[in-house]
> 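Structure provided below as structure tokens; questions to follow.
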Protein chains: 4
Amino acid sequence: MAQTDTVTRILDTAEVLFAERGFAETSLRNITSKAKVNLAAVNYHFGSKKSLIQAVFARYLDPFSERFHAALDSVEQQYAGRQVPLEVLLEVMARTVLEVPAERNSLRTFMRLLGLAYTQGQGHMRRYIREHYGTVFSRFAELLKLATPDLPDNERFWRLHFMLGSVIFTFSGLDALRDIEEAEYGHHTTVRELIQHMRPVVVAAMAAPLPASLGDGEAVTQAAS
Amino acid sequence: MAQTDTVTRILDTAEVLFAERGFAETSLRNITSKAKVNLAAVNYHFGSKKSLIQAVFARYLDPFSERFHAALDSVEQQYAGRQVPLEVLLEVMARTVLEVPAERNSLRTFMRLLGLAYTQGQGHMRRYIREHYGTVFSRFAELLKLATPDLPDNERFWRLHFMLGSVIFTFSGLDALRDIEEAEYGHHTTVRELIQHMRPVVVAAMAAPLPASLGDGEAVTQAAS
Amino acid sequence: MAQTDTVTRILDTAEVLFAERGFAETSLRNITSKAKVNLAAVNYHFGSKKSLIQAVFARYLDPFSERFHAALDSVEQQYAGRQVPLEVLLEVMARTVLEVPAERNSLRTFMRLLGLAYTQGQGHMRRYIREHYGTVFSRFAELLKLATPDLPDNERFWRLHFMLGSVIFTFSGLDALRDIEEAEYGHHTTVRELIQHMRPVVVAAMAAPLPASLGDGEAVTQAAS
Amino acid sequence: MAQTDTVTRILDTAEVLFAERGFAETSLRNITSKAKVNLAAVNYHFGSKKSLIQAVFARYLDPFSERFHAALDSVEQQYAGRQVPLEVLLEVMARTVLEVPAERNSLRTFMRLLGLAYTQGQGHMRRYIREHYGTVFSRFAELLKLATPDLPDNERFWRLHFMLGSVIFTFSGLDALRDIEEAEYGHHTTVRELIQHMRPVVVAAMAAPLPASLGDGEAVTQAAS
DNA sequence: TATGAATGAGCGTTCATTCAT
DNA sequence: AATGAATGAACGCTCATTCAT
């Protein structure tokens, strides 16, 4: 009880502060003083700041990974060997993402964290995520490949990450964007609606025509590395 | 001369290190020792670390802003009041982005920095960028509106940010993504090629059909905040 | 049983680590984790780190003290009031030292611990040793005095500690010295042989002529404290 | 001036505290607060605690090494190829040791530090000393060999270390020993006098008869490792 | 104009010890 | 009798910044 309390309080506080300000900008003292636990408790329960960061991720990604596997199982069974359409795949992913953090503000936090994992943490987070969640990601990528058989592998790879970028960027900056939206257009979009907005865009993006053969003269002319 | 030298050496080193490891993870000692200048030189020449970061950005964004204005002038003149097509707008932007940093590895650096500005820096960077470069962005947004007259304002707003997310996220995680790409497909994509890949995707995304009227029952069922 | 086990495991582990790295450099965590016992067990069973250190010593010195007393009883009886020769006294001491730690590597450990007691531990160890083992040491010193009647007390005091220094230093650095010996001369000296080497040296040292009257001009000229 | 002041104050304070309580037991806060300098000054001027320890040693050993070389030069020249007698060699060493720290309490400190270097510091100090001062030591060992031509190399090796043990052990436990001496005999021996005491003992020890052929039955019977 | 020295604040981590069970 | 949890203090070190010259 006391232990669960401390560990949970640390994780709850850490995920909020990490999401707000990044890993390096959040000190253990920030976390422990806000969580009202002893500074040494982090090292006692988690071993190091690095491990705390990973634990914060695991609390989201472990259930996500499990549910996503289950959802893919279910949809594969449903399609019984036939190709699962792109729309369905995206729908499954969206639903799973939304299921995981049913409470409070945690979808935004989850997305911010995912974004941080890509843009901060000199590799150790990326390595951790690949090691622990690479399987489910690969499985999704495999199904995506079947759903878009005409797309070259390389092209699909980049489009997948364009899509991920859209989603993560949008959700992780959601508050700011909603503020602007409200000031500019007097409209407030719910997360649910936002996902409705995203769907056709993502589908169209994945289905876009291939780029003109690269290096064509009429295009961009100067470039670097 | 000696002063210019020092200032330039600091900026050159700082932009590389910032792009590699982020702002918080790069100390002034890292910068000054690598640049072989005195530690106090940063505070002497720039006043503070924050101001150094802004100076690093200004060195890219000032010429970019200027050229982008000029390019938009030119394209508006060319189309003489008629609507500038979406593809052309995107082409202009891409070309300007590529023109700015003609040397070395600085396109990647520029892109990484843009990503960092959004994902790191507790607001002071975003504020700085909006204040200094908001005008040219608004002008582009205005032309974008003319180029997509059928899109509701609200829809365009979100799609613009989906697009921004794709671009910024992709570039700010570029090294990681290229590592994966190389490991997975044995292919190395240059920034120039990547922009070629982005173009049709972005165009398709902006031109995607509007979503089915929101709130339709068959869609996502659970949601958060 | 379980308790005895725990106490013994702690002592076994502690003596090795203390001997290897000193007291301050060995944490209770080092000890308890290597001994696979609970961290709190040390404070539970011994009260404090200080007391653990003393317990480690007692495990060697209690039997040593007892045996040494017995051996001196026996030799005094044998010489029935007559002066016990220096060589015999040294032989008795050497034999007793060797008898105590019949197992494993513990002679070296014992010696290292003795050295540490002198060079580390801010007095509390020295006090403990004097209080608990002062009697047997005094008895030996008394016999030594009888065996070297021509030596001024003061001189004998210092020579005794020169001798102790040789022995403890040599044995506590034994591994390093044997490594050098082997590399340099291709020869490996056993502890038993080493004691044979020591004997004439120690005897000669104790029997050395007295120093020229101190302060004689021809000698050292500058000095401090 | 300000710099010299700070660096010197740190070194002066550090050497006293290190000598009194050892390296691990002396914190940088102990040193800097006693020296009335900023805590960060140690890392600024020395880089790390380890380097500070080495700097403390270097301040003694660099001049010692230089003077010892010079003294050996001089004595070799004086004996012009003939064998330098053992007594002279020891006299030269003793004199050099005494010359180095002409001021205050620093001879005792020097000796305590030498003792610590051997008994504490998991090798990094020994390595440092060997690297920086190995040459002069080897030179002395070489002359020692010439001075004791009848001694087997192996025997000389051990006797040299017996002697080292006496000296280092005595000096590193000096305070404790002097306490005992004063309590027991009401006499206080200066370092200078102590060296006078040591001389005939060391000479006798080096000149002791060779041990009876090893393995003789009448000797020690049990042994360890 | 430029820099070596210095500083106060804060960092992540480890420590021996205590407490509640 | 024994232990997981927790704690306050202290550790070595690095930080951006300031100061005196």
Side-chain angles (χ1 to χ4, degrees), chain A residues 1-7 10 23-33 37-53, chain B residues 1-7 23-32 37-53, chain C residues 1-7 23-32 37-52, chain D residues 1-7 10 23-33 36-53:
Chain A
M1 170 65 168
Q3 180 251 1
T4 307
D5 234 40
T6 299
V7 167
I10 291 173
F23 303 132
E25 294 86 350
T26 304
S27 73
L28 295 188
R29 280 167 179 82
N30 291 156
I31 296 169
T32 52
S33 70
V37 303
N38 188 278
L39 167 61
V42 170
N43 281 281
Y44 176 72
H45 287 291
F46 298 94
S48 69
K49 189 181 181 181
K50 232 175 228 180
S51 303
L52 170 61
I53 295 175
Chain B
M1 172 61 171
Q3 184 251 5
T4 308
D5 225 43
T6 299
V7 166
F23 303 132
E25 293 87 350
T26 304
S27 72
L28 296 188
R29 271 167 186 76
N30 291 155
I31 296 169
T32 53
V37 303
N38 188 275
L39 167 61
V42 170
N43 283 280
Y44 178 72
H45 288 291
F46 297 93
S48 70
K49 188 181 182 180
K50 233 173 229 182
S51 304
L52 170 61
I53 295 175
Chain C
M1 170 62 169
Q3 185 252 3
T4 307
D5 224 44
T6 299
V7 167
F23 303 132
E25 292 87 350
T26 303
S27 73
L28 296 188
R29 271 167 184 76
N30 291 156
I31 296 169
T32 52
V37 304
N38 188 276
L39 167 61
V42 170
N43 283 280
Y44 177 72
H45 288 290
F46 297 93
S48 71
K49 188 180 182 181
K50 234 173 228 181
S51 305
L52 170 62
Chain D
M1 171 62 167
Q3 181 250 3
T4 306
D5 235 40
T6 299
V7 167
I10 291 173
F23 303 132
E25 294 86 349
T26 304
S27 73
L28 296 187
R29 279 167 179 82
N30 291 155
I31 296 169
T32 52
S33 71
K36 294 190 196 304
V37 304
N38 188 278
L39 167 61
V42 170
N43 281 282
Y44 175 72
H45 286 291
F46 298 93
S48 69
K49 187 181 181 181
K50 231 175 228 181
S51 303
L52 170 61
I53 295 175

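Computed from a prediction, not measured in an experiment: that's the story for all the values here. Chain letters run A, B, ... following the sequence lines, proteins first and then strands; every chain starts at 1.
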> Could you spell out the base pairing of DNA chain F as a dot-bracket line? Use Watson-Crick and G-U wobble contacts where both distances are under 3.5 Å, [ ] for crossing pairs, | for partners on a different strand.
.||||||||||||||||||||
> How long is the span from the CG atom in B:Asn43 to the NZ atom in B:Lys49, to the nearest 0.5 Å?
11.0 Å
> Please name all residues satisfying side-chain hydrogen bond (donor to acceptor under 3.5 Å, both in side chains) with B:Ser51, sequence neighbours left out, ordered by chain then number.
B:Ser48
> Report yes if at least one side-chain N or O of A:His45 is closer than 4.0 Å to OP1 or OP2 of F:dA6; otherwise report no.
yes
> Would you give the length of the straight line joining atom OH of D:Tyr44 to atom OG1 of D:Thr6, rounded to the nearest 0.5 angstrom?
10.0 Å
> Run the side chain to side chain contact (heavy atoms under 4.5 Å, CB included) test against D:Leu39 and tell me which residues pass, sequence neighbours left out.
D:Leu28, D:Arg29, D:Thr32
> Reading DNA chain E from 5' onward, which residue's closest nucleotide shows up sooner: B:Val37 or D:Val37?
B:Val37
> Protein within reach of the bases, or only the backbone? For nucleotides 11-21 of chain E, mark each nucleotide 5' to 3' as B, S or -, using heavy atoms under 4.0 Å.
BBBBBBBB---
> What's the CG-C1' distance between B:Asp5 and E:dT1, to the nearest Å?
14 Å
> Working to the nearest 0.5 Å, report the span between NZ of D:Lys36 and CG of D:Asp5.
13.5 Å
> Quick check on F:dG8: is either OP1 or OP2 less than 4.0 Å from any side-chain nitrogen or oxygen of A:Asn38?
yes
> Sequence neighbours left out, what passes side-chain hydrogen bond (donor to acceptor under 3.5 Å, both in side chains) with B:Asn30? Give chain and number order.
B:Arg21, B:Ser27
> For A:Ala24, check side chain to side chain contact (heavy atoms under 4.5 Å, CB included) against everything at least two apart and list the hits.
B:Ala24, B:Glu25
> Quick check: do B:Ile53 and B:Phe46 have side-chain heavy atoms less than 4.5 Å from each other?
no
